[in-house]
2 protein chains.
Amino acid sequence: MLAAGLAIADEKGLDAVTMGAVAARLGVTPMALYRHVANKADLMDGIVELLLTEFPPPPAGPWTDRLSGLADAIRASARRHPSVFPLLLQRPATTPRARQARHGVYAALEEAGIDTARLAQTERLISTAVLGFAVSEAAGRFRSHSRRQLDDDFARLLELLGRFIESESTRPGTDRPVPARPSSP
Amino acid sequence: MLAAGLAIADEKGLDAVTMGAVAARLGVTPMALYRHVANKADLMDGIVELLLTEFPPPPAGPWTDRLSGLADAIRASARRHPSVFPLLLQRPATTPRARQARHGVYAALEEAGIDTARLAQTERLISTAVLGFAVSEAAGRFRSHSRRQLDDDFARLLELLGRFIESESTRPGTDRPVPARPSSP
DNA sequence: ACCTGAACACCGTTCAAGT
DNA sequence: ACCTGAACACCGTTCAAGT
């Protein structure tokens with residue numbers, strides 16, 4: 001049912017996600033939905049939460065790859081679900097799925113040499129920038145820019161964040177601040 | 001009429017901005033609104049555009065102060081209009097007001113020594129990060145954080161961006177990357 | 001336990017009519 | 001030029017009733 005709502009949002013936009021439309025896709029009357037959901041707001045909450053499902057579990061590898069991999073996954077999710085993704089900014093990341101993703105970032109930052117006391121704030125800064133970009137792209141602020149341009153912008157943003165992390169690290173880093181990211185095929 | 005709609009959004013949220021509610025605030029019937037606006041979407045566009053009015057014209061002073069002043073103004077606007085502000089991410093900044101703000105940033109970046117060819121992309125990076133923070137705060141993603149914490153986060157974000165600009169500058173900068181921002185009283 | 005039909009208040013929008 | 005009354009299709013939600 002949440003999947004049905006997400007599919008409708010992807011295909012026809014947020015406004016098309018109506019109790020009637022979701023019910024119809026399930027072959028049921030609108031009132032049947034109230035068995036599984038308190039009201040429409042509750043439905044929307046569930047659909048937004050469903051997005052987090054797509055963020056992959058923390059992979060292996062060096063921390064730079066882990067972070068850029070997560071960032072890429074977030075952007076990809078935004079592109080896949082442009083009308084729902086912006087709603088992510090409306091709720092604190094307190095659900096189990098959200099915590100999992102956040103703690104994955106903590107681990108990577110710790111490995112990068114970020115002081116434990118600064119982990120949370122640094123994560124907030126990074127995720128705000130990445131989410132800001134992903135939402136901007138999904139919501140249409142960058143409508144007039146080419147895909148190539150956006151890929152380039154995003155790469156530059158990640159490079160900036162990587163350099164920031166290195167500069168905040170208490171451990172001596174390598175010479176080169178951050179490796180170049182591979183361009184997606 | 002746009003102001004009436006914005007006021008309703010501020011007071012009771014986006015859902016309360018209804019043709020009937022706006023009309024009632026103006027002492028008129030809902031149908032009268034269709035003289036001034038094509039439909040509700042058009043009304044919402046106008047309300048969002050109205051937000052840009054609050055962004056102050058580029059002030060005088062060193063570029064660091066100009067940029068942080070604009071960033072502060074943007075965040076203040078987001079806090080004042082939490083339900084409408086996030087909609088800014090849905091439209092390209094192509095209106096005259098938006099261009100004005102953007103060109104103010106260009107001028108500051110040029111003064112900071114950013115290469116002309118990189119002006120637009122650098123501006124996009126910076127405004128994405130600042131808007132991402134402002135929208136996150138307005139929309140409620142940071143609901144569980146204190147005002148002090150958010151002020152601190154924002155200061156750190158601006159510091160990061162300032163350092164980034166310095167590092168991208170083709171001119172030799174001063175020793176200290178960016179001046180500390182004064183805390184608001 | 002799960003679903004439905006009928007009903008209600010509310011919404012955006014239209015159109016012909018009023019001044 | 002500007003506004004209105006009446007009407008329409010649609011929406012979220014309730015409640016009593018059905019299996």
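Chain identifiers are assigned alphabetically (A, B, ...) following the order of the sequence lines, protein sequences preceding nucleic acid strands; residue numbering begins at 1 within each chain.
- Between B:K12 atom NZ and C:dC11 atom P there is a gap of 11 Å when expressed in whole angstrom units.
- If you chain together hydrophobic residues whose side chains sit under 4.5 Å apart, A:L43 and A:L14 fall into the same group.
- In this structure, the ring of A:F164 has its center no less than 6.0 angstrom from the ring center of B:F164.
- Between B:L33 atom CG and C:dC11 atom C1' there is a gap of 13 Å when expressed in whole angstrom units.
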Check: Dot-bracket for DNA chain D, 5' to 3', with Watson-Crick and G-U pairs under 3.5 Å, [ ] for crossing pairs and | for other-strand pairs: what is it?
Finding: ||.|||||...|||||.||
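- With A:D45 as reference, A:R91 is the one residue of A:K40, A:Q90, A:R91 to meet the side chain to side chain donor-acceptor pair (under 3.5 Å) rule.
- Residue B:T18 places at least one side-chain N or O closer than 4.0 Å to OP1 or OP2 of C:dG12.
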Next item on the list: Start with the C-alpha gap between A:T128 and B:R141, add the side-chain angles, then the distance that decides, and say whether side chain to side chain donor-acceptor pair (under 3.5 Å) holds.
Entry: CA-CA 10 Å; A:T128 295; B:R141 188 164 76 97; 2.6 Å; yes
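- Put simply, NE2 on A:H36 is 8 Å from C1' on C:dC2, counting in whole angstrom units.
- The distance from atom CE of A:M44 to atom CG of A:L2, rounded to the nearest 0.5 Å, is 10.5 Å.
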Next item on the list: Using the side chain to side chain contact (heavy atoms under 4.5 Å, CB included) rule, take B:Q149 and A:Q121 through it: C-alpha gap first, then chi angles, then the decisive distance, then the call.
Entry: CA-CA 9 Å; B:Q149 182 68 260; A:Q121 190 181 43; 4.0 Å; yes
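- Judged purely by atom type and a 3.5 angstrom limit, A:R66 has no side-chain atom pairing as donor or acceptor with the backbone of A:V105.
- For the pair A:D151 and A:R147, the salt-bridge criterion is met [side-chain N within less than 4.0 Å of a carboxylate O].
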Checklist line | Sequence-aligned protein contact record of nucleotides 13-19 of chain C, with B where the base is within under 4.0 Å of a protein heavy atom and S where only the sugar-phosphate is | finding: BB-----
